[in-house]
Amino acid sequence: MTTATPLPKLHPFPEVAKRLGIPLRTLRERSWARQFDHVRIGRERYLTDDQLTALIKAYTVTSESASTRADDLAKTAERVGRRAPRQRRAAA
């Protein structure tokens with residue numbers, strides 16, 4: 001006798017969009033563009049728990065360390081400093 005594997009819980013797109021606070025249209029367009037894995041049954045689309053977790057992880061923005069940010073600010077200040085003399089000549 002074989003045991004049936006349990007089916008994953010399916011989350012419909014309208015529910016996912018509401019929970020994530022994004023427009024349903026955005027979620028659908030990204031699924032049409034195949035930007036993330038999802039389940040399609042007929043015309044309806046769903047996400048499993050694992051797919052929902054992967055979607056959130058893919059769009060998670062991580063913070064940078066303070067030293068990296070300081071380096072980026074220093075490079076920007078240097079670029080602005082090099083650009084300033086040219087702008088003064090154009091204004092004169």
Worked verdict on Arg19 versus His11 for side-chain contact (heavy atoms from CB on, under 4.5 Å):
CA-CA 10 Å; Arg19 287 178 56 196; His11 304 279; 3.8 Å; yes
Euclidean distance, [Y] [atom2] relative to [X] [atom1], rounded to 0.5 Å:
X	Y	atom1	atom2	value
Leu55	Leu20	CG	CG	6.5 Å
Asp50	Lys9	CG	NZ	13.5 Å
Leu24	Glu15	CG	CD	12.0 Å

If we only count heavy atoms from C-beta on, is the Phe36 to Leu27 side-chain gap below 4.5 Å?
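The answer is yes, as the side chains (C-beta and beyond) meet within the 4.5 Å cut-off.
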With a 4.5 Å cut-off on side-chain heavy atoms, are Tyr59 and Gln35 touching?
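Touching, per the 4.5 Å side-chain cut-off.
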Please confirm whether the backbone N or O of Ile56 pairs with a side-chain atom of Thr60, one donor and one acceptor, at under 3.5 Å?
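Between the backbone of Ile56 and the side chain of Thr60 there is a qualifying donor-acceptor contact (under 3.5 Å).
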Mark yes or no for whether Gln51, through its side chain, and Thr48, through its backbone, hold a donor-acceptor pair below 3.5 Å.
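Side chain of Gln51 to backbone of Thr48, a donor-acceptor pair under 3.5 Å: yes, one is there.
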Phe13 and Lys18: side-chain contact (heavy atoms from CB on, under 4.5 Å), yes or no, with the steps?
CA-CA 8 Å; Phe13 272 23; Lys18 185 176 180 179; over 6 Å; no
Test salt bridge (Lys or Arg N to Asp or Glu O under 4.0 Å) on Glu44 and Arg40 and set out the steps.
CA-CA 6 Å; Glu44 298 299 321; Arg40 182 175 154 208; over 6 Å; no
Working for side-chain contact (heavy atoms from CB on, under 4.5 Å), residues Leu10 and Val39
CA-CA 8 Å; Leu10 297 177; Val39 176; 4.2 Å; yes
Hey, mind stepping through Trp32 and Arg45 against side-chain contact (heavy atoms from CB on, under 4.5 Å) and telling me if it holds?
CA-CA 10 Å; Trp32 296 333; Arg45 294 168 190 263; 3.4 Å; yes
